[in-house]
Enquirer: 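Mind having a look at this structure? Questions to follow.
Each chain gets a letter, A, B and so on, in the order the sequences are listed, and its residues count up from 1.
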Amino acid sequence: MKVVIVYTWARDGANAAVRADGTVDWRGAKMTAGEDDPAALAVAKRLAEDTGGTVVGLTIGDGDASWVLARGVGEAFSVTDVPPYADNAATARVIAAAVERIGAVDVVVMGDSKQDPGVAPAVAGHLGWTALAGLDSASAVDGRVAAVRRSATEQQTISAAPPLVLGVAAEADVDTKPGMKELLAARKRPLTTWPMGDLVDPGDDVRSTGTRKPDVVAATLFDGDPATSAAQLVAALRADGVL
Amino acid sequence: MPPGLALGRHRVVGGAARDGRVEMSQEVDFDVIVVGGGVAGAVCAYRLAEAGHEVVLIERGAEPGSKNLSGGVFYCRVMEQVFPGFVDEAPVERRVTRNVLSFLNASSHVNIDYWDARLAEPVNAVTVLRARLDAWLASRCEAAGVMVMPGVRVDELIVEGEQCVGVRAGDDELRAHVVVEADGVNSFLAQNAGIRAKEPPKHLAVGVKSVIGLPRTVIEDRFHVIGSDGVAYAFVGDCTQAVAGGGFLYTNLESVSVGVVLRLDDLATKGLTASDVHDHFLAHPAVAPLIDGGELLEYGCHLTIEDGPTMVAHDLTRPGLVLIGDAAGFTLNTGLTIRGMDLAAGSAIAAADAIGAALAAGDYSQQAMDAYPAALAATFVGADMKTYARAPAFLEVPRMYRDYGLLLADVFHGIYDLDLTPRRHLLGTATRAFKGSGLKLRHVVRDGWAAVRAL
Ligand SMILES: Cc1cc2nc3c(=O)[nH]c(=O)nc-3n(C[C@H](O)[C@H](O)[C@H](O)COP(=O)(O)OP(=O)(O)OC[C@H]3O[C@@H](n4cnc5c(N)ncnc54)[C@H](O)[C@@H]3O)c2cc1C
């Protein structure tokens, strides 16, 4: 299988601040590897390994394109001048166009970002492929992908035939930092860059018509010895007519 | 390591020993390894790469600048030597043309407000935010051919015999002819290598700082600056709640950097916490209106050097190793200004030139490395470290942090408080204020003399 791992394609929400009027200030934050990127990379590698195939990397925007090259991937592609879109479908349109340009791809794997949940399914939409999201892991069995999804009560294994877009959600932070030698080696690996204009016209980004902060819900904290706190809680619930 | 991993360029050094010097027959990954992507490291790496050498710049932060407390006033004339047109090309915030020295008391302050158009021609000092400046410096390094390696913390130096031959991080080693330590004030590397002892708290100070966002127009109105001009305040007195140290406030383009620098030993003696002193300062009636309505963008604390002149007394070199910037102790705190970035750049230039000569000669001995401190002594860095050698002792005078501010305010109060009592001549007012201050004339004379000699 030829697997594309899509990485560092979004900004880290931790670098943003919400202003009093509800608008978000990104303070020039760059695109970074998301918390799901390492898990997605592990899935991509597994699929290639199972099938004797290859993994190539794909990134967009101003993030570190060598992130994947320093983690054992042999080749990467980067669409350099993609701005961070508010519209998940616009981001997906660029990614889908790049996947098409890479060519002969069987599976696209990407992190299932909480901030941009629409990107993985929209990539599948643009490509006309099947999307499986919220995945925990995946392996290849007889030319098909066996994708595992977990909920609180059950584990589901879905078998699907490529071409596929897989969204992987990390259970834990699994990134291992590459060493100096890996970082040096990454420099020697091929990185092809495309300006966005060569691939696709992403259209207009969505425009926001207004923002506000969510309403603050008042909370009361009963703090003290357990017996008194419990009594206070019961009294308050009574007073509010809950009990 | 995966099989068939292609490493950096390998080169075999040496062979025949000249002058009885030990030459190493070791492969190197780079000519020079620079540890630390601050001002010192970036300037040194850039200059060496410009001269055609193979350089790696290793920075533990995910990106250069991400670990650095956000800047201050950069006396940037020295940068022109490395980056012609620095002020116009680098992401600097404002050009400082106004300096305010503020003697702060609990309910009064006296300011010396110095504006001078000459400070802009040529530009002498700029305010910078390090996250932006360091990222720019790193990109210039990359363009010059430096391999910038962020996200790697160097654990130790590799020393064979007396010779420093590389660095270790995790399981990996990189080798080079010369290692440059530019890893900042803590420089655990220098401590572990036995070059520097753990500094006594008296040599160090802790800085706590906030960056507060304000609209550009508000900054222009509040601080009477236009265009890209800016102002730098230095505060003494009540800003530190009598702890040895001072307060500062600088205007950036759309924010203000404000905070305190406190000498570690005195902070401990007075039993205060740095963050409480910081909060007290920001709430002071002289400061609060300047930052009113602003939005807190950043808050952090960092060690800085209080007594650079004493710190740099240790060695700056070993065979195959040089120390620059804060790692070497190059910071001057005169009470009126904190200078570290310009000295970082100055020491980096001197080191790069000495290393360049060593590479050309293939000589990495102690003697070859010592060309760096020798050259440095002849520059403004060496000269200023000498000139201000007495400043730290002068700044120890406790009267600096309370009595003089109160005295000044009392003099001006005597002049401006027209309470219907008969007026005195200025001299009388001053004498009366002085008598009421409890200060001793001999102390004042001694402090004045010390100030003249120290600053
Ligand atoms: C509150 C405060 C205010 C100041 N104000 C001013 C001012 O107004 N003007 C001025 O000129 N100076 C000021 N200074 C001093 C100035 O910040 C320093 O002198 C200057 O940053 C020194 O530069 P440097 O490159 O030597 O070290 P740093 O800027 O400290 O850079 C060292 C770098 O090395 C990296 N590093 C450390 N250890 C390792 C390792 N083991 N492996 C890899 N990387 C490592 C760090 O992440 C860091 O990026 C101030 C300092 C403080 C704390």
Side-chain angles (χ1 to χ4, degrees), chain A residues 7-8 11-12 14-35 37-38 41 45 48-49 54-55 61-75 80 173 175-191 193 213, chain B residues 1-10 29-30 33 35 54 56-60 62-66 70 91 129 131-132 135-136 138-139 142 145-155 158 166-176 211 213 215 254-255 293-299:
Chain A
Y7 62 103
T8 58
R11 290 177 297 190
D12 179 1
N15 290 331
V18 181
R19 296 195 197 91
D21 64 357
T23 51
V24 177
D25 180 358
W26 285 97
R27 313 229 154 99
K30 276 185 160 188
M31 290 177 176
T32 50
E35 54 184 8
D37 283 15
L41 175 60
K45 282 180 172 169
E49 222 173 84
T54 53
V55 184
D62 59 4
D64 175 15
S66 70
W67 186 86
V68 88
L69 297 176
R71 286 166 178 74
V73 172
E75 181 180 13
T80 46
D173 191 358
D175 192 23
T176 44
K177 274 196 172 172
M180 296 188 292
K181 298 282 187 193
E182 273 292 337
L183 291 168
L184 279 190
R187 280 300 173 97
K188 308 256 175 292
R189 297 186 172 141
L191 171 69
T193 56
K213 271 193 168 173
Chain B
M1 201 186 304
L5 181 72
L7 287 187
R9 179 200 46 127
H10 285 244
D29 300 297
F30 291 91
I33 295 170
V35 182
E54 302 246 342
V56 62
L57 178 63
I58 306 178
E59 164 58 43
R60 70 180 166 170
E63 279 175 43
S66 59
S70 44
L129 291 169
R132 296 183 62 210
W136 180 82
S139 72
E142 259 182 342
V146 175
M147 164 147 189
V148 179
M149 198 184 265
V152 173
R153 202 197 68 193
V154 170
D155 296 321
I158 307 172
V167 298
R168 200 169 281 128
D171 296 333
D172 278 353
E173 294 184 357
L174 284 187
R175 287 178 171 257
V211 179
E254 295 188 323
S255 63
E295 178 197 1
L296 182 66
L297 302 179
E298 218 178 284
Y299 174 79

Enquirer: Is a donor on one side and an acceptor on the other found under 3.5 Å between the side chain of D172(B) and the backbone of M180(A)?
Expert: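 The answer is yes, because a donor-acceptor pair under 3.5 Å joins these two groups.
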
Enquirer: State which residues pass side-chain hydrogen bond (donor to acceptor under 3.5 Å, both in side chains) with S66(A); sequence neighbours excluded, sorted by chain then number.
Expert: D64(A)

Enquirer: Is it the side chain or the backbone of M149(B) that comes within 4.5 Å of chain A heavy atoms, both, or neither?
Expert: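 Only the side chain of M149(B) comes within 4.5 Å of chain A.
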
Enquirer: Counting heavy-atom pairs closer than 4.5 Å to chain B, which one of K177(A), R187(A), K30(A) comes out on top?
Expert: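 Highest number of pairs under 4.5 Å: R187(A).
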
Enquirer: State which residues pass side-chain contact (heavy atoms from CB on, under 4.5 Å) with E295(B); sequence neighbours excluded, sorted by chain then number.
Expert: R19(A), R27(A), L297(B)

Enquirer: Side chain, backbone, both or neither: which part of V167(B) has an atom under 4.5 Å from a heavy atom of chain A?
Expert: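 Its backbone and side chain both get close to chain A.
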
Enquirer: Among I58(B), V56(B), V152(B), which residue meets the side-chain contact (heavy atoms from CB on, under 4.5 Å) test with L183(A)?
Expert: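 By the side-chain contact (heavy atoms from CB on, under 4.5 Å) criterion, L183(A) pairs with just one of I58(B), V56(B), V152(B): V152(B).
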
